[in-house]
Amino acid sequence: MIDDLPPRAVCTAVERERRMIEEDLTYQRAAPSVETTSILDFCHFIETVSAGEIIPPHSLPIDHVGFYRKIIARLIEADQLPAQAHQQFDTAFLEVSVKAFAN
């Protein structure tokens with residue numbers, strides 16, 4: 001799991017995971033699910049923020065948010081993501097996810 005990787009290896013692992021899932025979905029080796037969508041959304045977030053871009057808001061499963069926030073905090077602390085990544089994550093996912101969970 002990415003939470004066991006050193007922070008410098010997380011971004012590379014996330015990129016590989018995204019490519020692998022997208023390929024599995026393309027060639028129907030896996031079916032789309034809440035889990036795969038969540039992982040892809042997180043992977044896209046890491047890649048987008050690393051490139052200095054902003055990701056549009058959408059929902060994640062509420063039980064995934066805490067784990068992802070912990071990974072982001074580790075990456076910020078290790079200077080692998082910009083300091084504002086935490087706020088960008090909360091804006092892109094947390095607020096939308098909490099509202100979706102409340103409904």
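Computed from a predicted model, the values in this text were never measured in an experiment. Note that these values count all heavy atoms, side chains included, but never hydrogens, waters or copies made by symmetry.
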Side-chain contact test, heavy atoms from C-beta onward, threshold under 4.5 Å: evaluate it for Phe93 versus Ile55 and give yes or no.
yes

If you look at every heavy atom in Leu25 and Pro32, which pair is closest and at what distance?
CD2-N, 3.6 Å

My understanding is that only residues two or more places apart in sequence, or in another chain, count here; which of them pass side-chain hydrogen bond (donor to acceptor under 3.5 Å, both in side chains) with Thr37?
none

Contacts of type side-chain contact (heavy atoms from CB on, under 4.5 Å), residue Gln28, not counting sequence neighbours:
none

Indicate yes or no: at least one non-hydrogen side-chain atom of Phe89 is less than 4.5 angstrom from one of Ile71.
no

Are Thr36 and Ser33 close enough that some pair of their side-chain heavy atoms sits under 4.5 Å apart?
yes

Is there any ring pair (Phe, Tyr, Trp, His ring centres under 6.0 Å) pair reaching into residues 3-37, and which pairs are they, with sequence neighbours excluded?
none

Salt bridge (Lys or Arg N to Asp or Glu O under 4.0 Å) against Arg8, all qualifying residues, sequence neighbours excluded
none

Look up atom OH in Tyr68 and atom CG in Leu60, then write down how far apart they are to the nearest 0.5 Å.
6.5 Å

Would you please name every residue forming a salt bridge (Lys or Arg N to Asp or Glu O under 4.0 Å) with Glu35, sequence neighbours left out?
none

Arg16: partners by side-chain hydrogen bond (donor to acceptor under 3.5 Å, both in side chains), with sequence neighbours left out
none

Side-chain donor-acceptor pairs of residues 39-48 under 3.5 Å, sequence neighbours excluded:
unit_1, atom_1, unit_2, atom_2, d
Asp41, OD1, His58, NE2, 3.4
Asp41, OD2, His58, NE2, 3.4
His44, ND1, Leu40, O, 3.0
His44, NE2, Glu22, OE2, 3.2
Glu47, OE1, Arg18, NE, 2.9
Glu47, OE2, Arg18, NE, 2.9
Thr48, OG1, His44, O, 2.7

Under the side-chain hydrogen bond (donor to acceptor under 3.5 Å, both in side chains) test, residues paired with Thr12 that sit two or more places apart:
none

Who are the salt bridge (Lys or Arg N to Asp or Glu O under 4.0 Å) partners of Glu23, not counting sequence neighbours?
Arg29

Test: salt bridge (charged side-chain N to carboxylate O under 4.0 Å, His left out). Region: residues 49-71. Which pairs qualify, not counting sequence neighbours?
Arg69-Asp90

Residues in salt bridge (Lys or Arg N to Asp or Glu O under 4.0 Å) contact with Arg19, at least two apart in sequence or another chain
Glu15

Looking at Pro61 and Val34, what are the two nearest heavy atoms and their distance?
CG-CG1, 3.4 Å

Pair up each side-chain donor or acceptor in residues 75-86 with any protein partner under 3.5 Å, not counting sequence neighbours, and list the distances.
unit_1, atom_1, unit_2, atom_2, d
Gln80, NE2, Ala78, O, 3.3

For Val49 and Gln88, the nearest pair of non-hydrogen atoms, with its separation, is CG1-OE1, 3.6 Å

